[in-house]
Amino acid sequence: ANFIEEIAQPYPSRMDLATNAAARTSLGSLHHVLKVGRAGAAMAAAQTAVEMSGGAILKEESAVEETLLGLQLTPEGKAVVFMAIAMACHYLGYSFARPVTVALFTSASTGYAGFAPAFPLAMAFVSPFSLLLLMLYGNILDTVGPAGALLQTTGWCAVVVMLSAFAIAVLTQTKATLFGKIPAVKLISGPLFIFRESYVQLLTSQYWSFMASALTPSQSGRWFGPIAGLTSIASVIAGLLVSPIVDRLGLEGALMGTGIMLLVSLVWARKAFQIADKHGFTPSDHKKHGDKKTSLFALFEKAGVLFKRVPVLGALFVEILASQGLATLLNVCFVARLGSAIPDDTKRAGWVGLFFALINVITMVLQFGILPFVMKVVEPRDAWRVIPLFSLASVGFQAFQKDPSLFIVSASLLVMKVSEYSARRMLDEMVFVPLDFESRYVGKEVIGVFGYRFGKSLMSLALSGLTSVMGNFGLHQLSILSSLVACGWMQTAWNLSKYVPTRREAEEQYLAKSGDKKSSRKRQ
């Protein structure tokens with residue numbers, strides 16, 4: 001209602017209105033969760049008078065120490081808000097980079113249009129590149145801890161994206177070629193596509209790990225949806241701005257915007273960690289801390305031991321392989337149909353931006369208006385079992401079409417992305433809340449960075465192998481294969497649900513772990 005009233009005013013710009021509305025929505029919906037935090041829950045558990053509201057353990061009003069835009073909140077709550085803003089800025093920039101890199105990659109002049117194996121081959125390289133990023137992250141984490149790891153990785157990602165934008169602008173303007181006929185810009189568009197697929201989850205997992213360290217399991221069930229909704233708002237804004245920015249500044253200008261938003265994200269993340277440092281709730285591993293280098297073998301060995309110790313992580317890893325395999329197949333269908341349906345590079349980038357803006361609008365409605373209420377009555381394990389059914393239905397319909405149109409192919413991808421960005425993302429993050437530091441900062445990165453990308457690379461390699469043996473697949477054959485993979489995803493999700501605790505069990509695990517952590521700190 002406030003937003004509609006402001007629209008009637010003649011002076012503010014539409015962007016100001018959208019920004020103000022997003023800020024009011026996020027801060028208003030998070031107001032109650034800001035009064036609680038992981039440290040606050042540990043304090044309240046030790047008190048005799050504890051108030052339970054929706055499963056969240058509330059602190060006494062006298063414990064409120066911070067304010068933000070007139071709201072009283074705990075230090076943990078303020079840090080969560082800042083980290084959520086940082087993640088939203090990251091996704092705003094990513095939503096610029098996604099359509100730009102797709103347009104560059106599928107262009108005849110800057111990319112690999114007409115070369116059918118290009119997309120599966122690029123996706124196959126995503127996994128080894130993600131492993132490289134993961135190994136670098138492990139070394140940084142062991143050396144400087146979670147705060148330094150997030151700040152350094154964000155800064156380097158911003159530098160890579162901005163340098164790539166500059167290189168694309170120069171090579172496109174000069175029309176430089178290799179061997180007299182190959183555009184030199186192709187040396188940028190291919191690796192940049194791979195980098196964009198890899199860096200997004202590296203940063204996203206770190207934002208969520210911090211917030212999972214500050215909220216209790218019951219709070220995460222209520223508020224991870226709205227927090228993720230902030231990223232949807234940012235992505236919608238970016239999607240609507242892609243076409244105007246590309247028209248005015250070109251593809252490289254929109255890509256430069258990604259680097260700028262990463263730097264803005266870095267500022268907000270730093271503010272969140274500064275609050276955590278000031279009040280003593282910065283996530284840390286009290287068992288180890290040093291500057292020992294992490295090799296790739298040691299990282300896998302650590303992950304293997306961790307998955308055996310925490311079975312839900314191993315089941316989640318397998319589920320992610322299956323879900324991302326399906327996402328890869330649907331992406332291949334989408335890119336193939338998109339290139340033939342919209343041959344113009346600029347129009348194609350704008351169309352992709354609007355398509356993902358629609359995905360984020362639907363996701364935002366679910367995250368703010370539906371999921372917080374649904375998760376009050378539905379156990380997470382039941383939600384895990386239901387989510388794959390929606391994709392199975394849409395992909396099954398696509399498989400029955402002899403020559404699926406862009407609308408049908410896009411609809412299948414939309415269903416997959418909406419479920420992934422809304423319910424599945426929330427459930428994924430809820431798994432880590434009651435777990436220990438190693439599970440949240442090592443296991444989560446292995447699953448988030450390597451698992452997501454390995455699932456895509458594995459399917460891409462399989463598809464490339466089948467293509468080399470049996471020839472190119474048409475959309476109909478790819479759709480049938482997608483329906484079979486959707487069945488496999490449903491099976492892995494059902495298996496994962498057996499390890500997911502109920503809300504009460506997760507809260508008990510968290511309280512027991514919080515008590516152990518408090519005793520450990522006293523001994524130190």
Side-chain angles (χ1 to χ4, degrees), residues 26 29-30 33 36-38 41 55-56 76-77 79-81 83-88 90-91 146 150 200-232 235 269 272 283 310 312-313 315-317 319-320 323-324 363-364 366-368 370-372 374-376 378-384 387 417-449 451-452 493 496-497 499-503 505-507 509-510 513:
S26 58
S29 61
L30 289 175
V33 75
V36 291
R38 184 174 288 269
E76 294 90 346
V80 166
V81 169
M83 191 60 72
I85 294 174
M87 184 169 66
H90 157 58
Y91 267 92
L150 179 55
V200 57
Q201 201 63 37
L202 174 71
L203 301 183
T204 300
S205 295
Q206 294 179 71
Y207 299 126
W208 280 113
S209 293
F210 179 89
M211 291 185 285
S213 300
L215 298 179
T216 67
S218 58
Q219 293 161 13
S220 66
R222 295 176 60 194
W223 302 111
F224 271 1
I227 289 173
L230 294 178
T231 66
S232 298
S235 298
V310 188
V312 68
L313 296 182
L316 179 60
F317 183 83
E319 186 273 342
I320 284 175
S323 67
Q324 295 310 299
T363 300
M364 181 174 59
L366 292 172
Q367 289 166 330
F368 281 111
I370 298 177
L371 289 177
V374 170
M375 294 310 298
K376 290 182 180 179
V378 176
E379 289 289 350
R381 63 176 55 174
D382 295 326
W384 276 111
I387 290 175
K417 290 297 183 181
V418 166
S419 63
E420 180 180 350
Y421 293 165
S422 57
R424 202 194 160 284
R425 174 186 291 175
M426 178 189 64
L427 294 171
D428 191 332
E429 304 306 331
M430 288 175 64
V431 167
F432 293 92
V433 175
L435 303 181
D436 57 14
F437 176 90
E438 188 178 28
S439 298
R440 282 185 277 111
Y441 275 93
V442 178
K444 182 171 179 54
E445 286 294 331
V446 170
I447 292 174
V449 178
Y452 273 90
L496 168 63
S497 68
Y499 296 97
V500 175
T502 63
R503 287 189 295 270
E505 291 170 346
E507 197 73 30
Q509 291 176 19
Y510 160 73
K513 179 168 61 67

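Sequence positions, counted from 1, serve as the residue numbers for this chain.
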A.B. asks: Please identify each residue that fulfils side-chain contact (heavy atoms from CB on, under 4.5 Å) with R381, with sequence neighbours left out.
C.D. replies: E379, S497, V500, T502, E505
A.B. asks: Could I get the full list of side-chain contact (heavy atoms from CB on, under 4.5 Å) partners for S422, not counting sequence neighbours?
C.D. replies: T363, L366, Q367, L371, V418
A.B. asks: Does R425 have any salt bridge (Lys or Arg N to Asp or Glu O under 4.0 Å) partners at least two apart in sequence or in another chain, and if so, which?
C.D. replies: none
A.B. asks: Assess whether side chain to side chain contact (heavy atoms under 4.5 Å, CB included) is satisfied between Q324 and E420, documenting all intermediate values.
C.D. replies: CA-CA 10 Å; Q324 295 310 299; E420 180 180 350; 3.5 Å; yes
A.B. asks: Please report the shortest heavy-atom distance between R440 and A212, naming the atom on each side.
C.D. replies: CD-CB, 4.0 Å
A.B. asks: How far apart are the closest heavy atoms of I227 and M87, and which atoms are they?
C.D. replies: CG2-CE, 4.1 Å
A.B. asks: Not counting sequence neighbours, which residues clear ring pair (Phe, Tyr, Trp, His ring centres under 6.0 Å) with Y91? List them please.
C.D. replies: none
A.B. asks: Taking only residues two or more places apart in sequence, or in another chain, which ones meet W208 in a ring pair (Phe, Tyr, Trp, His ring centres under 6.0 Å)?
C.D. replies: F224
A.B. asks: With side chain to side chain contact (heavy atoms under 4.5 Å, CB included) as the test, would you mind laying out the steps for W384 and V431 before giving the verdict?
C.D. replies: CA-CA 11 Å; W384 276 111; V431 167; 4.3 Å; yes
A.B. asks: What distance do I85 atom CD1 and L230 atom CG have between them, rounded to the nearest 0.5 Å?
C.D. replies: 7.5 Å
A.B. asks: Drop me the distance from K444's NZ to E438's CD, to the nearest 0.5 angstrom.
C.D. replies: 15.0 Å
A.B. asks: Could you walk me through whether I387 and L427 satisfy the side chain to side chain contact (heavy atoms under 4.5 Å, CB included) test, starting with their C-alpha distance in whole Å, then the side-chain angles of each, then the deciding distance to 0.1 Å, before giving a yes or no?
C.D. replies: CA-CA 10 Å; I387 290 175; L427 294 171; 3.4 Å; yes
A.B. asks: Restricting to non-hydrogen atoms, name the atom on P146 and the atom on P283 that form the minimum distance, rounded to 0.1 Å.
C.D. replies: CG-O, 3.3 Å
A.B. asks: If you define the side chain from C-beta out and look only at heavy atoms, does anything of L313 sit under 4.5 Å from L435?
C.D. replies: yes
A.B. asks: Measuring from atom OG of S213 to atom CD of E76, what distance do you get when rounded to the nearest 0.5 angstrom?
C.D. replies: 11.5 Å
A.B. asks: Once ring pair (Phe, Tyr, Trp, His ring centres under 6.0 Å) is applied, do any residues pair with Y421, and if so which ones, sequence neighbours excluded?
C.D. replies: none
A.B. asks: Give me the atom names and distance for the closest heavy-atom approach of L203 to L150.
C.D. replies: O-CD1, 4.4 Å
A.B. asks: On a heavy-atom basis, which atom in M211 and which in V80 lie closest, and how many Å separate them?
C.D. replies: SD-O, 4.0 Å
A.B. asks: Which atom names give the shortest non-hydrogen contact between E319 and R424, and what distance separates them?
C.D. replies: OE1-NH2, 2.5 Å
